[in-house]
Participant: 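A single structure is presented below for examination.
Values below: every heavy atom of this structure, side chains too, minus hydrogens, waters and symmetry copies.
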Amino acid sequence: QVQLVESGGGLVQAGGSLRLSCAASGSIFSINAMGWYRQVPGKQRELVSVISNADGTTNYADSVKGRFTISRDNAKNTLYLQMNCLKSEDTAVYYCNADVTRAGWLRPRGNYWGQGTQVTVSS
């Protein structure tokens, strides 16, 4: 029983900024990595950025490098995405993903998704 809840999406003008948050809760033993993905109608979901909770290693899609910053608060199991210099091409539904080791004797591992939050960038 793991839940991911995104927040912070909305409407912003081109060149503006927005910060997304994702809070993980439930039967969590540890979170190995978290990431942000986005999807527009008619296209496949694509990776935006990921971060390792163990050592903080990050990875970004070329299209967002230099503009977006991923971070996390391990104590709160919360993920953030600071988005600056937003472009119309950034318009999409943004999804939070977590690689989770669940609590319990077996320590099962799996991937979980949030419901998504809409980001719309207007000109």
Participant: Who passes side chain to side chain contact (heavy atoms under 4.5 Å, CB included) against S7, sequence neighbours left out?
Facilitator: S21
Participant: Does Q1 reach the side chain of Y112, with side-chain heavy atoms less than 4.5 Å apart?
Facilitator: no
Participant: Sort and list the pairs that fulfil side chain to side chain donor-acceptor pair (under 3.5 Å) and have at least one residue in residues 26-37, not counting sequence neighbours.
Facilitator: N32-D99, N32-T101
Participant: Checking V40 now: which residues fulfil side chain to side chain contact (heavy atoms under 4.5 Å, CB included) with it, not counting sequence neighbours?
Facilitator: K43, A92
Participant: Which residue pairs pass the ring pair (Phe, Tyr, Trp, His ring centres under 6.0 Å) test with at least one member in residues 78-109, sequence neighbours excluded?
Facilitator: none
Participant: When rounded to the nearest 0.5 angstrom, what distance separates CZ in F68 from CG in L18?
Facilitator: 9.0 Å
Participant: With sequence neighbours excluded, give me every salt bridge (charged side-chain N to carboxylate O under 4.0 Å, His left out) pair touching residues 114-123.
Facilitator: none
Participant: Enumerate the disulfide (SG to SG under 2.5 Å) contacts for residues 26-61, please, sequence neighbours excluded, ordered by first and then second residue.
Facilitator: none
Participant: Filter on salt bridge (charged side-chain N to carboxylate O under 4.0 Å, His left out), then keep only pairs touching residues 67-85, sequence neighbours left out; what's left?
Facilitator: R67-D90
Participant: In terms of hydrophobic clusters joined by side-chain contacts under 4.5 Å, are V93 and M34 together?
Facilitator: no
Participant: So, using salt bridge (charged side-chain N to carboxylate O under 4.0 Å, His left out) as the criterion, who are the partners of K65 when residues are at least two apart?
Facilitator: D62
Participant: Using the disulfide (SG to SG under 2.5 Å) rule, collect all pairs that involve residues 77-117, keeping only residues at least two apart or in two chains.
Facilitator: C22-C96
Participant: Could I get the full list of side chain to side chain contact (heavy atoms under 4.5 Å, CB included) partners for T120, not counting sequence neighbours?
Facilitator: L11, T91, Q118
Participant: Quick test of your reading: applying salt bridge (charged side-chain N to carboxylate O under 4.0 Å, His left out), list the pairs with at least one residue in residues 6-29, sequence neighbours left out, ordered by first then second residue.
Facilitator: none
Participant: Could you grab the distance from atom OG of S25 to atom CD of Q3, nearest 0.5 Å is fine?
Facilitator: 5.0 Å
Participant: Which pairs would a plain distance check flag for residues 47-54, meaning a side-chain donor or acceptor within less than 3.5 Å of a matching protein atom at least two apart in sequence or in another chain?
Facilitator:
residue, atom, partner, partner atom, Å
S49, OG, N59, O, 2.9
S52, OG, A54, N, 3.4
S52, OG, D55, OD1, 3.2
N53, ND2, I31, O, 3.4
N53, ND2, N74, OD1, 3.2

